[in-house]
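Step one of this worksheet: look at the structure below.
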Amino acid sequence: MVRQDLASGRVDGVVTRFPPEPNGYLHIGHAKSICLNFGVAREFDGRCNLRMDDTNPATEDVEYVDSIVEDVNWLIAGWADHCFSLKPTGALPERREIDGRLDYFIAPVMATQSLGRKLEPFYASDYFEALYEYALELIRRGKAYVCDHTPEEVDFMRGAPDQPGLESKYRNRSVAESLDLFQRMRAGEFPDGTRTLRAKIDMASPNVWLRDPVLYRIRHASHHQTGDAWCIYPMYDYAHEFEDYIEGVTHSFCTLEFEVHRPLYEWLLEALDLPRPLPRQREFARLNLTYTVMSKRKLLRLVQEGHVQSWDDPRMPTVSGMRRRGYPAEAVRAFCDRIGVAKRENIVELSLLEHFVRDELNRHSPRVMAVLRPLRLVIENYPEDQVEEFAAVNNPEDAAMGTRRVPFSRVLYIEQDDFREVPPPKYHRLSPGVEVRLRYAYLVTCTDVVKDPQTGEIIEVHATYDPATRGGDAPDGRKVKSTIHWVSAAHAVDAEVRLYDTLFSVENPDDAPEGRDFTDTLNPASLETLRGCRLEPSLANAVPGARYQFERLGYFCVDTQDSRPGAPVFNRTVGLKDTWAKIQKRQRKR
RNA sequence: UGCCCCGUGGUGUAACGGUAGCACGACUGACUCUGGAUCAGUUAGUCUAGGUUCAAAUCCUGGCGGGGCAACCA
């Protein structure tokens with residue numbers, strides 16, 4: 001479509017916009033919209049405006065503005081910054097005339113070319129004056145009128161979808177009277193809800209949005225950007241297309257539910273005889289993901305009711321949550337690219353998102369050894385005080401990432417999961433009499449199991465090593481079935497590790513059965529906190545946000561909120577694919 | 001109920017009216033000092049009934065199914 005518009009000469013450049021309302025945090029659904037809008041701008045060498053659609057002071061807050069700016073920057077950094085347009089802080093649209101026709105226009109500044117000027121997002125609230133002027137013009141043209149009906153009356157008179165509405169008795173009052181009343185609405189002469197400005201369209205239209213929709217309402221409320229300057233605020237349907245127009249937007253992409261609003265979007269634009277090309281609205285289906293919810297209302301409830309700790313809780317599908325969880329922005333973008341844009345309702349599998357996260361992390365994150373649930377392994381025939389260092393590869397996918405040295409000694413920790421006194425079928429790891437490889441170190445054979453005399457719990461495993469297998473290869477060419485990771489007890493770094501699982505235990509928490517709430521299907525095991533985890537010493541100075549692969553376990557990142565030097569906290573971003581887990585699952589089913 | 005939109009493998013998404021393709025998942029196998037990665041392969045799809053056409057996922061009509069819309073929210 002964009003290509004067609006360019007080819008036909010309808011527009012000579014592409015301008016899109018991402019227009020969130022600052023009443024919540026951005027989530028993966030917004031990420032899709034961001035990728036669409038910035039992606040189109042990028043593809044056609046255009047630009048994309050970040051705009052706060054702040055026309056309802058009751059629900060909005062600057063806290064959200066700040067988070068939105070941060071999230072957008074994070075998501076597009078290194079990808080679309082060159083088409084990211086903002087405006088100088090405090091700039092307002094310029095009032096001008098083109099061919100004798102009234103026009104408002106606001107000039108963008110590319111984020112990469114600020115030239116020292118302070119920049120900020122566009123704000124719908126910056127256009128309140130322009131919007132007001134346009135409203136006056138609408139009244140003069142007989143296309144809008146002030147209506148004195150109460151909200152209840154208006155609601156009733158709208159009729160039903162299959163029944164025409166009733167015309168307001170104020171519909172035909174004179175232009176002069178409407179003008180006067182509207183000016184007095186602005187002046188604050190009337191209390192909330194007493195009057196509205198309405199478009200004069202068609203009360204019998206089969207499209208309910210064309211039945212003289214409300215354009216302005218009276219709200220004596222303080223706005224987070226304009227303070228108390230206004231007591232009338234424009235409705236979304238009135239404001240949005242003019243916001244697009246003022247910014248010179250060519251393509252206005254929004255979600256499906258606005259499809260029925262499109263005739264209104266176009267009607268308002270055409271009602272005014274505007275001198276520049278008009279923006280065009282097109283719709284696409286919003287994103288749904290399995291095992292999560294996406295509506296701002298539900299996300300807000302999760303936060304407010306304490307089901308998660310915050311908007312950036314790593315279990316949240318918010319952009320900030322994903323960032324804290326360790327998802328790379330590249331992975332989120334690759335995901336958005338793959339899911340495509342269409343008008344069909346969809347529920348994308350979480351596994352697709354995780355695929356891109358693993359794909360990105362696999363190529364770029366350094367490998368490291370960490371033991372989450374430690375089990376002592378004593379190498380009986382290894383000298384008591386000896387310490388050796390082995391070279392470990394940082395990333396087999398990228399030789400340029402080099403190697404590091406890992407200390408080895410007589411007492412090690414291995415993963416509890418990597419030892420079974422009685423191995424189940426197909427279990428290749430350590431068990432009595434079995435030889436395995438300690439990664440990068442030696443081949444060891446399990447000789448003994450030490451149990452707590454009281455509880456019978458395995459507290460220690462003994463083994464012998466073969467000195468000839470130094471580095472991990474046997475000179476006689478014998479093979480072992482398994483390689484396990486380990487950490488030298490004396491050198492280990494102690495850490496807390498948080499394991500995350502899906503927030504919900506059902507694929508689609510949105511369709512809770514009647515009488516049930518989506519919170520009923522919350523997964524009680526979505527967070528498991530492990531303390532006393534043992535990490536290899538190279539992790540002692542890991543910086544917040546740093547991402548690693550813990551070999552054989554998954555990808556982990558240093559938590560940006562709770563990690564402290566000397567007391568590191570790691571979040572599991574996503575586990576490695578685990579065929580052993582699959583085998584186990586299958587065995588359990590039998 | 002009125003209007004609008006949408007129906008392609010389990011999931012998501014492609015295909016000027018001309019061989020239904022790609023990705024994820026699942027399943028086999030190969031390889032492996034990560035039961036990771038990689039590689040090879042298998043599985044499985046045009047909602048339905050008519051019509052137009054040499055030819056229909058694509059165009060037309062009906063049916064069926066799903067979704068949206070009746071805030072002074074966005």
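Letters A, B, ... are given to chains in the order of the sequence lines, protein chains preceding strands, and every chain is numbered from 1.
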Is there a side-chain polar atom (N or O) of A:Thr55 under 4.0 Å from OP1 or OP2 of B:A74?
yes
Within 45° of the axis and under 6.0 Å from the centre of the six-membered ring of A:Phe284, does NZ or CZ of A:Lys343 qualify?
no
For the side chain of A:Ile339, counting heavy atoms from C-beta on, which of B:G12, B:A14, B:G68 is nearest?
B:G12
Classify the nucleic acid contact of A:Phe258 as base, sugar-phosphate or nothing, counting any heavy atom under 4.0 Å across all strands shown.
base
Nearest to the A:Glu551 side chain among B:U34, B:C72, B:G12, which nucleotide is it?
B:U34
Taking for A:Asp53 and for A:Arg439 the nucleotide of RNA chain B with the nearest heavy atom, the one nearer the 5' end belongs to A:Arg439
Going by distance alone, is a donor N or O of one side chain under 3.5 Å from an acceptor N or O of the other, for A:His240 and A:Asp53?
yes
Rounded off to whole Å, could you give me the OH-to-P distance for the A:Tyr265 and B:C69 pair?
20 Å
What is the separation between atom CZ on A:Arg195 and atom P on B:C72, rounded to the nearest whole Å?
17 Å
Is there a Watson-Crick or G-U wobble partner for B:U38 with both distances under 3.5 Å, and if so, which one is it?
B:A30
Using Watson-Crick or G-U wobble geometry with both distances under 3.5 Å, which nucleotide pairs with B:U19?
none
Could you give the distance separating B:G25 and B:U58 at their P atoms, to the nearest angstrom?
31 Å
Side-chain donor/acceptor of A:Glu397 to base of B:G36, under 3.5 Å
yes
Categorize A:Ser351 for me: base, sugar-phosphate, or nothing, with a 4.0 angstrom heavy-atom threshold over every strand shown.
sugar-phosphate
Syn if the chi torsion is within 90° of 0, anti otherwise; quick check, which is B:A23?
anti
With hydrogens left out and only the distance checked, is there a donor-acceptor pair under 3.5 Å joining A:Arg552's side chain and the base of B:G35?
no
Check every strand shown and say whether A:Arg429 touches a base, only sugar-phosphate, or nothing at a heavy-atom separation below 4.0 Å.
base
Need one value for A:Gln549: base, sugar-phosphate or nothing, where a base atom within 4.0 Å counts as base even if backbone is also close, heavy atoms only.
base
Report which part of the nucleic acid A:Tyr440 touches: base, sugar-phosphate, or nothing (heavy-atom distance under 4.0 Å, all strands).
base
Quick check on A:Arg404: does its CZ atom have over 12 non-hydrogen neighbours (other residues, nucleotides or ligands) under 6.0 Å away?
yes
By the 4.0 Å heavy-atom rule, please label A:Arg158 as base, sugar-phosphate, or nothing.
sugar-phosphate
Take the protein atom CD of A:Glu283 and the nucleotide atom P of B:C6, then report the distance between them rounded to whole Å.
10 Å
NA contact type, A:Arg367, heavy-atom cut-off 4.0 Å: base, sugar-phosphate, or nothing?
base
Quick one: is B:G67 close enough that its OP1 or OP2 comes under 4.0 Å of any side-chain N or O from A:Arg286?
no
Nearest whole angstrom, please: distance from the C1' of B:U13 to the CD of A:Glu345.
15 Å
With heavy atoms under 4.0 Å as the rule, sort A:Thr59 into base, sugar-phosphate or nothing.
nothing
Ionic contact status for A:Asp212 with A:Arg158, cut-off 4.0 Å
no
Determine, answering yes or no, if A:His428 is stacked on B:G35 under the 5.5 Å centre rule and the 30° plane rule.
yes
Quiz question: going by heavy-atom distance under 3.5 Å, is there a donor-acceptor pair between the base of B:C22 and the side chain of A:Arg338?
yes
Have a look at A:Arg262 and say if it touches a base, only the backbone sugar-phosphate, or nothing, with a 4.0 Å heavy-atom cut-off.
nothing
Given B:C5, B:A74, B:G35, which nucleotide is nearest the side-chain atoms of A:Asp578?
B:G35
Please work out which of the three classes, parallel, tilted or perpendicular, describes the rings of A:Trp311 and A:Tyr25, given edges at 30° and 60°.
parallel
Compute both the distance and the angle, then confirm whether A:Arg282 meets the cation-pi test with A:Phe253: under 6.0 Å from the six-membered ring centre, within 45 degrees of the axis.
no
Shortest side-chain distance from A:Asn346, nucleotide among B:U28, B:G12, B:A70
B:G12
Donor-acceptor pair present, A:Arg344 side chain and B:U13 base, under 3.5 Å
no
Tell which nucleotide pairs with B:C24, taking only Watson-Crick or G-U wobble pairs whose two distances are both under 3.5 angstrom.
B:G10
For A:Tyr145, does the six-membered ring have the charged nitrogen or CZ of A:Arg173 within the cation-pi criterion, i.e. under 6.0 angstrom from the centroid and within 45° of the normal?
no
Verify the stacking flag for A:Trp580 against B:G35: centroid separation must be under 5.5 angstrom and the ring planes must differ by under 30 degrees.
yes
How many Å lie between CG on A:Asn56 and P on B:C73, as a whole number?
6 Å
Base, sugar-phosphate, or nothing for A:His261, non-hydrogen atoms under 4.0 angstrom?
base
Of the listed B:C5, B:C24, B:U34, the closest approach to the A:Lys343 side chain comes from B:C5
Base, sugar-phosphate or nothing for A:Val341? Non-hydrogen atoms, less than 4.0 Å.
sugar-phosphate
Taking for A:Thr579 and for A:Asp359 the nucleotide of RNA chain B with the nearest heavy atom, the one nearer the 5' end belongs to A:Thr579
Starting the side chain at C-beta, find the nucleotide from B:C27, B:C72, B:G36 nearest to A:Lys582.
B:C27
By the Watson-Crick or G-U definition, both distances under 3.5 Å, B:U48 is matched with B:G62
What is the distance from CD1 of A:Ile347 to P of B:G10, rounded to the nearest Å?
15 Å
Start with the C-alpha gap between A:Ser538 and A:Val368, add the side-chain angles, then the distance that decides, and say whether side-chain contact (heavy atoms from CB on, under 4.5 Å) holds.
CA-CA 8 Å; A:Ser538 71; A:Val368 100; 3.7 Å; yes
Assigned partner base of B:C69, Watson-Crick or wobble definition, under 3.5 Å
B:G2
Between the base of B:G10 and the side chain of A:Glu349, is one N or O donor paired with an acceptor at under 3.5 angstrom?
yes
Find the distance between CG (A:Leu215) and CG (A:Leu138) and round it off to the nearest 0.5 Å.
6.5 Å
Taking the P atom of each, how far is B:A57 from B:U8, in whole Å?
14 Å
Taking atom C1' in both B:A14 and B:U46, compute the distance separating them and give it to the nearest angstrom.
12 Å
Phosphate-side-chain proximity, A:Arg217 and B:C73, N/O vs OP1/OP2 below 4.0 Å:
yes
Name the orientation class of the two ring planes belonging to A:His30 and A:His27 (parallel below 30°, tilted from 30 to 60°, perpendicular beyond 60°).
tilted
Once you round it to whole Å, what is the distance between C1' of B:G7 and CG of A:Leu256?
13 Å
Scan A:Tyr238 against the nucleic acid and name what it touches under 4.0 Å (heavy atoms): base, sugar-phosphate only, or nothing.
nothing
Once you apply a heavy-atom cut-off of 4.0 Å, does A:Pro396 come out as touching a base, just sugar-phosphate, or nothing?
base
In this structure, how many angstroms lie between the C1' atom of B:C73 and the OH atom of A:Tyr236, rounded?
11 Å
Using a 4.0 Å heavy-atom cut-off across all strands, classify A:Lys426 as base, sugar-phosphate, or nothing.
base
